[in-house]
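Side-chain atoms are counted along with the backbone in the values below, which use heavy atoms only and exclude waters and symmetry mates. Numbered from 1 within each chain, the chains take letters A, B, ... in sequence-line order.
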There are 2 protein chains.
Amino acid sequence: MRTAQRAHTRAVGPKPQSKVSRPGASSAVLANVPDLRKNTVYLGDCIDVLRSLPAESVDLVFADPPYNLQLEGQLSRPDQSTVDGVDDDWDKFESFADYDRFTWDWLSAARRVMKPDATLFVIGSYHNIFRVGSTLQDLGFWILNDIVWLKSNPMPNFRGRRFTNAHETLIWASKGPDAKRYTFNYEALKAGNEDCQMRSDWLFPICTGRERLKNGEGHKVHPTQKPEALLARILLSASHPGDVVLDPFFGTGTTGAVAKRLGRSFVGIERDETYATAARARIEGVEPLADEALSAAPAKRSEPRVPFATLIEAGLVEPGTILTDAAGRTRVVVRPDGAVALGAIIGSIHKIGALAQGLPACNGWTFWHVLHEGRLVPIDALRAGFRADQRQARAS
Amino acid sequence: MRTAQRAHTRAVGPKPQSKVSRPGASSAVLANVPDLRKNTVYLGDCIDVLRSLPAESVDLVFADPPYNLQLEGQLSRPDQSTVDGVDDDWDKFESFADYDRFTWDWLSAARRVMKPDATLFVIGSYHNIFRVGSTLQDLGFWILNDIVWLKSNPMPNFRGRRFTNAHETLIWASKGPDAKRYTFNYEALKAGNEDCQMRSDWLFPICTGRERLKNGEGHKVHPTQKPEALLARILLSASHPGDVVLDPFFGTGTTGAVAKRLGRSFVGIERDETYATAARARIEGVEPLADEALSAAPAKRSEPRVPFATLIEAGLVEPGTILTDAAGRTRVVVRPDGAVALGAIIGSIHKIGALAQGLPACNGWTFWHVLHEGRLVPIDALRAGFRADQRQARAS
DNA sequence: TACCTAAATGAATCGAAGT
DNA sequence: AACTTCGATTCATTTAGGT
């Protein structure tokens with residue numbers, strides 16, 4: 001059976017079967033290993049360390065594995081400054097097959113350490129998350145949700161060749177379809193979310209400012225430090241106080257810091273001594289919350305901005321509509337993409353409004369009008385109506 | 001590096017090589033098949049039909065493949081081995097393998113039909129999107145973005161055991177890492193989005209109300225009809241008017257309806273006659289937008305190149321003119337051949353601009369200024385004026 | 001102190017044309 | 001096919017520095 005399983009798993013390549021845990025094997029291992037050392041950062045390769053840990057001993061896993069970014073060359077901002085990207089050795093893989101093997105190995109090792117009702121969160125980007133998700137399924141994990149972390153302040157796409165990469169993806173999975181007694185603090189999350197169910201899209205800023213660990217020269221210690229708010233949401237969603245949270249790619253210890261603050265235990269594994277040392281020092285300085293304070297502090301979603309294109313998509317403005325200034329003199333045509341055309345010149349409502357007046361800037365929302373029931377109405381009125389409709393839809 | 005990368009992505013495992021399109025093979029196929037019938041719904045299995053179509057004939061693919069309900073039914077069977085469910089779940093193995101094979105087949109068939117610079121959008125949920133993404137990568141597609149469609153009105157999670165599944169995932173991919181000349185209407189999207197780059201998270205309501213197709217008894221015709229706004233965003237992002245858009249899982253024809261409205265051609269494939277019939281009727285009733293609202297936005301990077309020497313030849317800049325940076329500090333002299341001189345150093349406006357700032361590169365058009373009516377004006381303004389004159393001359 | 005402006009920066013698979 | 005040149009391109013946020 002195992003052979004068949006490997007063969008079918010998308011035929012991505014030979015999977016090392018010896019690394020999957022087997023019933024019986026775990027107890028033998030257990031006899032040879034010490035108890036799980038809680039609130040410790042293990043220094044070493046995560047697969048080796050995971051195999052040395054007692055089976056079925058942790059309640060939750062959070063993993064932030066290398067993304068296999070495959071970057072080439074340098075990227076510069078429009079002002080010619082250089083983007084300090086990820087070029088660390090730990091993110092270098094020979095091939096997708098190589099990355100798949102790595103993923104299979106650490107995931108199956110982590111799975112052995114999970115209690116039967118434990119769950120696992122993995123975070124990634126489009127570079128690696130599809131490999132991770134497929135491997136999870138191949139290993140028998142049961143996906144409960146995929147979750148998107150929406151970044152309120154992502155790095156722009158400097159070359160204007162793609163959409164701004166404004167999110168990362170988390171996969172939340174149990175050990176299998178029958179593990180139905182996993183922890184999910186539904187009520188607490190809902191109570192902290194204006195009595196609405198917590199959705200699969202989470203909005204947080206990226207990790208900057210004083211939260212971002214810096215070394216003596218003011219340089220970031222770790223290139224991909226995750227925000228504590230993200231980890232807090234995860235721990236508050238899928239663990240109880242006192243639970244053990246495992247992070248096999250501990251880095252600078254965000255998981256440990258949040259776990260300590262929220263009254264959970266952590267087990268961290270990190271192979272880079274610089275990171276591990278920074279993590280220990282960081283966690284040392286964390287003050288645990290008082291017991292009664294251990295409730296969710298959800299990030300409130302800011303009022304979304306409404307681009308002009310949204311009104312078109314919502315059917316409030318038809319493409320081809322004529323917009324004019326308040327006097328009805330200057331005329332532009334609405335395009336389906338939300339730009340407007342002044343003769344052959346095409347641009348945003350703001351840019352074209354500025355151009356039409358010969359001014360450096362213009363608020364297109366108040367400048368442009370549309371004929372509505374025989375009267376010229378500023379398009380801002382349409383936006384106000386749209387926002388009101390949205391609020392009503394959300395409330396009901 | 002890049003070659004190696006591509007080579008290994010193909011060598012991921014025993015894949016049915018015969019299904020990957022090969023250079024040379026396409027023309028032979030082309031000779032045996034009829035021309036592509038545009039604005040047609042082909043009735044039949046999508047893999048069969050795709051293989052009958054001429055190679056390299058479409059500009060954009062949108063695909064909404066099935067989640068494979070059979071897979072879900074089998075996966076929810078009780079799993080005997082809770083400790084390690086991987087070993088014994090033969091049914092699960094069968095289903096994943098089937099789904100992966102199906103995905104491989106339709107994706108490689110679609111790839112053959114794509115023009116070299118065409119791109120592909122696939123939409124899915126966590127049930128299938130990881131299989132699809134991995135297969136895309138294995139086939140050599142190059143992922144440009146993953147995009148999340150955030151649903152403003154998702155179905156709640158009734159059991160309260162998971163996060164509300166409030167999004168679906170799209171993958172946008174080109175045929176390979178070297179296909180860099182794909183269509184992306186960056187400027188138009190930005191103009192319609194408050195002059196900010198379009199991000200990878202898109203907010204739309206699900207398809208309801210009068211847009212949702214109903215049959216005689218008032219039941220929805222198709223279980224997963226996508227909103228037209230989503231397709232409009234896709235077509236406006238990655239195609240031009242007149243382009244051919246292929247949808248191999250046409251359903252009730254949202255892609256066709258939007259394509260017709262936006263002045264694109266469509267090719268639909270649908271194996272269910274009820275859906276195909278409903279789609280044809282639906283598209284029949286769509287009114288295309290007027291050309292006026294569709295005229296292509298002139299992307300800045302597609303404007304004709306104007307060398308600096310041309311401005312001198314046209315008399316817009318006199319040889320000997322002094323150019324300065326915006327602050328008026330650094331000064332260079334314009335030479336009659338279009339080069340500039342910084343002291344004894346002579347070079348292009350770009351080279352000397354970079355040198356003057358100590359940067360690796362510089363856009364001389366925006367860096368250098370000339371005194372015009374008492375004010376410092378970037379030489380880019382002169383170029384813009386020249387281009388406008390040229391356009392006017394061409395038009396008359 | 002309060003306020004304003006400039007500078008820095010983030011998991012990034014981020015050209016095209018001519019020689 | 002490799003190399004050179006042209007020249008297009010950024011958003012939210014924090015921090016530092018100056019008035």
The side chain of B/A361 is closest to which nucleotide in this list: D/dT13, C/dA11, D/dG7?
D/dG7

Where the side chain of B/N363 is concerned, which of D/dT10, C/dA11, D/dG7 is the nearest nucleotide?
D/dG7

Just the rounded figure in Å: distance from [atom2] of [N] to [atom1] of [X].
| X | N | atom1 | atom2 | answer |
| --- | --- | --- | --- | --- |
| A/L150 | D/dT13 | CG | P | 14 Å |
| B/L144 | C/dC14 | CG | P | 10 Å |
| A/R161 | D/dT10 | CZ | C1' | 16 Å |
| A/N157 | D/dC11 | CG | P | 10 Å |
| B/R305 | C/dG18 | CZ | C1' | 8 Å |

Can you find a donor-acceptor pair, distance only, under 3.5 Å between A/K151 side chain and C/dA11 base?
no

Provide a list of protein-nucleic acid N or O atom pairs under 3.5 angstrom, restricted to nucleotides 8-10 of chain C.
unit_1, atom_1, unit_2, atom_2, d
C/dG10, OP2, A/K220, NZ, 2.7
C/dG10, O5', A/K220, NZ, 3.1
C/dG10, N7, A/R77, NH2, 2.7
C/dG10, O6, A/R77, NE, 3.2
C/dG10, N2, A/P154, O, 3.2

In whole angstrom, give me the gap between the P atoms of D/dG7 and C/dG10.
31 Å

Are the side chain of B/Y186 and the backbone N or O of A/R159 linked by a donor-acceptor pair below 3.5 Å?
no

Shortest non-hydrogen pair, B/S200 vs A/A166, comes out as OG-N, 2.8 Å

Heavy atoms under 4.0 Å, any strand shown: does A/G73 hit a base, just sugar-phosphate, or nothing?
base

